[in-house]
Structure formats: C-alpha cells, structure tokens
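As structure tokens, the structure follows; a few thoughts come after it.
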Amino acid sequence: MAAENKISYYSLRLKELLNTSFPKLSGNNDFIDKRGRIAAKSYNDAFMAGNTIEQCNEIAQYILFEGLHFSKFDTVFQVVCNEFDTLMADEELLPFALKMMPVCKAVFAGYKLSDDFADSPEFDLLYTELVGTIQIWIEENGLQ
C-alpha cells in the first residue's frame, strides 16, 4: 500500500467525530488529512521533547479537535431527540435533524459560538430558541 493511501490514527479519530457531529465537514478529506498530519507531527514532536505519552496525546488531541468542541448539528439533534421524539420514529430523528440545520442557521447566527459555548448561560437561550424555531417549522410544514 502506498504511503499516500494510508490514513492515520488521528485522521480516523477526526473523521469519526465529523461523521457524527459535523456532517458538512465529514467529506472534506483535505481538512481531515491535514489536521491528522499536524496532530501526528505534534505528538511526535512532543514525544521527542521528552513529554509523557499522556501529555503527547493531550497535545495532539488539542490540535486535532481545535474548534470542533461545540457542534451545531449535535445541538439541533439534541433538541429534536429531546423535544420532538414523540412525533416521529427513532430512525427519522437523524434525517429530520439534518433537514433542520438550514432552518436553524439564523438562530445560531445570533450567538457567539465557541468551543465552551455548551457550558455558558447562553446555551439555554439557544436551546429554547431552537425548540421554538423547529416547532414553528413543523406547524407550518408538517414533518414531511
């Protein structure tokens, strides 16, 4: 197998996160490969500098997941699962959440999102606003 066909451990970890929490980025192989390579290099550099394995992993993961700790999709999916799960079958929750992403775009635009946003007081306001936005959409369009 040629070296360029190999996918690194870090690229696989990142791809897993993107598939579940950042579906729009999940197909961006350039982003995945670049971030994976940088994380692997950072791990190696940290190891060569005498850091412990645990410290090396922390450094590599910080770089790998930088800017990816708060997921708009995870938030919309959480709202759909928590608030609207009785309206549809379990297998419809994920596709419906994906459908709601463009509907909720304007709601997210009203907040300064950061990696630690889910721990902020504003998160509850965002959550409530998303519930309302999705409820209005369902009332106007139905579930189809």
Side-chain angles (χ1 to χ4, degrees), residues 1-47 51 53-144:
M1 176 184 283
E4 61 269 0
N5 290 336
K6 290 183 181 178
I7 187 163
S8 77
Y9 163 78
Y10 293 108
S11 295
L12 287 172
R13 295 266 331 266
L14 181 58
K15 191 160 184 64
E16 179 183 8
L17 172 72
L18 297 179
N19 283 337
T20 59
S21 299
F22 298 89
K24 282 191 171 185
L25 288 174
S26 66
N28 188 338
N29 291 328
D30 290 338
F31 173 76
I32 294 166
D33 292 342
K34 182 179 179 182
R35 190 68 77 93
R37 280 193 312 273
I38 293 169
K41 182 179 182 332
S42 298
Y43 178 97
N44 189 55
D45 291 348
F47 184 78
N51 289 286
I53 300 292
E54 183 177 299
Q55 290 168 324
C56 295
N57 280 327
E58 286 176 15
I59 291 166
Q61 287 187 34
Y62 175 82
I63 289 166
L64 188 65
F65 300 126
E66 183 178 9
L68 299 172
H69 295 286
F70 179 79
S71 166
K72 293 177 186 178
F73 176 73
D74 282 349
T75 305
V76 170
F77 187 57
Q78 177 185 5
V79 168
V80 168
C81 289
N82 291 347
E83 309 298 332
F84 302 100
D85 63 320
T86 59
L87 302 179
M88 60 192 90
D90 288 349
E91 63 273 6
E92 295 172 323
L93 295 171
L94 179 66
F96 186 75
L98 286 167
K99 184 194 265 188
M100 290 298 98
M101 289 301 296
V103 173
C104 297
K105 184 176 181 178
V107 176
F108 285 110
Y111 293 87
K112 187 175 184 222
L113 304 176
S114 62
D115 279 350
D116 58 353
F117 183 78
D119 299 323
S120 73
E122 291 84 17
F123 179 80
D124 291 339
L125 296 172
L126 171 67
Y127 186 96
T128 302
E129 201 171 337
L130 289 170
V131 171
T133 300
I134 294 170
Q135 181 64 45
I136 290 168
W137 189 91
I138 290 171
E139 289 171 4
E140 292 176 353
N141 299 285
L143 291 174
Q144 303 305 325

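We count residues from 1, following the sequence as given.
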- Query: Would a 4.5 Å heavy-atom cut-off, applied to side chains only, mark Leu14 and Phe31 as touching?
  - Reply: yes
So ring-ring contact (aromatic ring centres under 6.0 Å, His included) across residues 74-95, not counting sequence neighbours, yields Phe73-Phe77
Item to complete: State whether the side chain of Ser26 and the backbone N or O of Phe22 hold a donor-acceptor pair below 3.5 Å, judged by distance alone.
Response: no
For Ile138 and Leu87, the nearest pair of non-hydrogen atoms, with its separation, is CD1-CD1, 4.1 Å
Taken to the nearest 0.5 Å, the spacing of Cys81 SG from Met88 CE works out to 9.0 Å
When every non-hydrogen atom of Ile134 is compared with those of Val80, the smallest separation belongs to CD1-CG2, 4.1 Å
Between Arg35 and Ile63, is there a donor-acceptor pair closer than 3.5 Å when you use the side chain of the first and the backbone of the second? yes
The complete set of side-chain hydrogen bond (donor to acceptor under 3.5 Å, both in side chains) pairs with one or both residues in residues 67-81, sequence neighbours excluded, reads Ser21-Asp74
Does Lys41 come within less than 4.0 Å of Asp45, counting only side-chain N to carboxylate O? yes
Here the gap from Phe117 atom CZ to Phe108 atom CZ, rounded to the nearest 0.5 Å, amounts to 8.5 Å
Heavy-atom closest pair (Tyr43 atom, Ala60 atom, distance to 0.1 Å) is CB-CB, 3.9 Å
So CE of Met101 and CZ of Phe96: to nearest 0.5 Å the spacing works out to 13.0 Å
CG (Asn28) and CG (Asp33) are apart, to the nearest 0.5 Å, by 9.0 Å
d(Gln61 CD, Ile59 CD1) to nearest 0.5 Å is 11.0 Å
request  = Could you tell me whether Glu54 atom CD has more than 12 heavy atoms of other residues or ligands within 6.0 Å of it?
outcome  = no
**Q.** Pairwise side-chain contact, Leu17 with Leu64, heavy-atom cut-off 4.5 Å (strictly under)
**A.** no
Ignoring hydrogens and angles, write down the donor-acceptor pairs under 3.5 Å from the side chains of residues 125-132, residues two or more places apart or on other chains.
residue: Tyr127; atom: OH; partner: Asn82; partner atom: ND2; Å: 3.3
residue: Tyr127; atom: OH; partner: Glu83; partner atom: OE2; Å: 2.6
residue: Thr128; atom: OG1; partner: Asp124; partner atom: O; Å: 2.9
residue: Glu129; atom: OE1; partner: Tyr111; partner atom: OH; Å: 2.8

When every non-hydrogen atom of Gly36 is compared with those of Ser11, the smallest separation belongs to CA-OG, 3.5 Å
Donor-acceptor pair, Asn19 side chain versus Lys15 backbone, under 3.5 Å?
-> yes
In short, Ala46 meets Cys56 closest at the heavy-atom pair C-SG, 3.6 Å
OG (Ser8) and CZ (Arg13) are apart, to the nearest 0.5 Å, by 11.0 Å
